Number of protein chains: 2
Amino acid sequence: MKWTDLDENWCPVARTLSLVGDRWTLLILRDCFLGMSRFDQFVSSTGATRHLISDRLKRLVEAEILEKQAYSERPKRYEYVLTEKGQEFAPALMAFRDWGKKHLPVRRQSQG
Amino acid sequence: MKWTDLDENWCPVARTLSLVGDRWTLLILRDCFLGMSRFDQFVSSTGATRHLISDRLKRLVEAEILEKQAYSERPKRYEYVLTEKGQEFAPALMAFRDWGKKHLPVRRQSQG
DNA sequence: TATATAAAGTTCTTATTTGGAACTTATGGC
DNA sequence: GCCATAAGTTCCAAATAAGAACTTTATATA
């Protein structure tokens with residue numbers, strides 16, 4: 001079974017996962033909430049490959065969670081910003097953050 | 001980069017994703033909150049392969065999110081139950097559920 | 001003119017993960 | 001002996017991801 005097959009599942013959790021049930025997608029959304037919006041920012045912040053970021057941004061735009069906006073005309077450059085639908089994903093990320101802070105403390109300092 | 005490499009990331013969201021940032025893992029947790037606890041229940045409920053379920057349950061037990069408990073001695077049979085750490089994941093799943101209910105309504109009835 | 005930089009991707013090849021079905025082990029019932 | 005149940009494991013083909021280099025459009029510098 002493919003995970004996109006979950007999009008018509010009876011369970012709202014499953015349907016949500018068909019879109020964002022993937023670590024890189026969720027990291028991109030985290031970055032958006034931290035104020036990032038550009039391709040290369042997502043690449044260096046998440047550590048995912050350019051290929052992955054490209055793919056996940058397309059999905060997020062198609063799902064209307066992010067919106068692609070031109071911020072420069074020449075050369076044509078785009079950035080990705082949260083739609084209202086995307087903004088409303090905040091509680092989920094905050095729940096992840098809280099759980100991680102409580103149950104997965106960092107031992108040694110590392111960078112990502 | 002491998003996703004398990006996120007486990008020492010500075011960001012608590014990333015650390016959380018290193019454990020549960022995967023659709024099948026989160027669906028297994030959803031099932032646990034719905035009262036399921038057995039291997040075959042997870043297989044048929046999620047639609048994931050036995051292989052995947054086996055792998056994800058191992059990770060969840062290792063992370064102390066689930067606990068493996070014998071419910072039969074002969075033959076030896078185990079079930080998986082949420083630990084307190086696992087229970088505290090509820091708010092995250094509820095956030096997913098709420099977002100899905102609001103933003104991803106089902107069109108036609110389907111089963112998963 | 002030639003070179004370098006920047007941003008946002010795409011392309012290529014190799015490695016890792018997943019899918020799907022069948023098989024295993026232990027036990028009880030008919 | 002034969003079938004069923006539960007919890008996995010094994011095998012191979014198919015799909016995804018990793019990593020690095022390349023492309024495109026345009027500005028800046030020597």
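Order of the sequence lines fixes the chain letters, A, B, ..., with proteins taken first and strands second; residue numbering starts at 1 for each chain. As the structure is a computational prediction, the values presented were derived from the model and not from experiment. The basis for the numbers below is simple: all heavy atoms, side chains too, and nothing from hydrogens, waters or symmetry mates.
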Would you kindly compare L57(A) and P75(A) by the position of their nearest DNA chain C nucleotide and give the one closer to the 5′ end?
-> P75(A)
Just the rounded figure in Å: distance from [atom2] of [N] to [atom1] of [X].
X      : N       : atom1 : atom2 : value
H51(B) : dG8(D)  : NE2   : C1'   : 11 Å
D22(A) : dT18(C) : CG    : P     : 11 Å
R56(B) : dA7(D)  : CZ    : C1'   : 18 Å
K58(B) : dG8(D)  : NZ    : P     : 8 Å
D40(A) : dT23(D) : CG    : C1'   : 14 Å
R50(B) : dG20(C) : CZ    : P     : 14 Å
D55(B) : dT18(C) : CG    : P     : 7 Å
I53(B) : dT18(C) : CD1   : C1'   : 12 Å

Determine whether any donor atom in the side chain of R38(B) lies under 3.5 Å from an acceptor atom in the base of dA6(D), or the reverse, and answer yes or no.
-> no
Kindly indicate whether the side chain of R77(B) and the base of dA7(D) share any N or O donor-acceptor pair separated by less than 3.5 Å?
-> no
Report yes or no: does T16(B) contribute a side-chain atom to a donor-acceptor pair with the main-chain N or O of F96(A) at less than 3.5 Å?
-> yes
Smallest heavy-atom separation, S18(A) atom then R15(A) atom, equals OG-O, 2.7 Å
Check whether the ring centres of Y71(B) and Y80(B) lie less than 6.0 Å apart, and answer yes or no.
-> no
Distance check: side-chain N/O of [X] vs OP1/OP2 of [N], anything under 4.0 Å?
X      : N       : answer
S54(A) : dT10(C) : yes
K68(A) : dG9(C)  : yes
Y78(B) : dA26(C) : no
Y80(A) : dG9(C)  : yes

Drop me the distance from I65(B)'s CD1 to W99(A)'s CH2, to the nearest 0.5 angstrom.
-> 3.5 Å
Intermediate values then yes/no, salt bridge (charged side-chain N to carboxylate O under 4.0 Å, His left out), K76(A) and E73(A) = CA-CA 4 Å; K76(A) 203 84 170 164; E73(A) 282 307 319; 2.7 Å; yes
Look at all strands and tell whether F42(A) reaches a base, only sugar-phosphate, or nothing, counting heavy atoms closer than 4.0 Å.
-> nothing
How would you label the contact of R23(A) with the nucleic acid (heavy atoms, under 4.0 Å): base, sugar-phosphate, or nothing?
-> nothing
Select one nucleotide: of dG8(D), dA17(D), dA6(D), the one nearest the side-chain heavy atoms of Y71(B).
-> dA6(D)
By nearest nucleotide on DNA chain D, pick out whichever of R74(A) and T49(A) is the more 5' one.
-> T49(A)
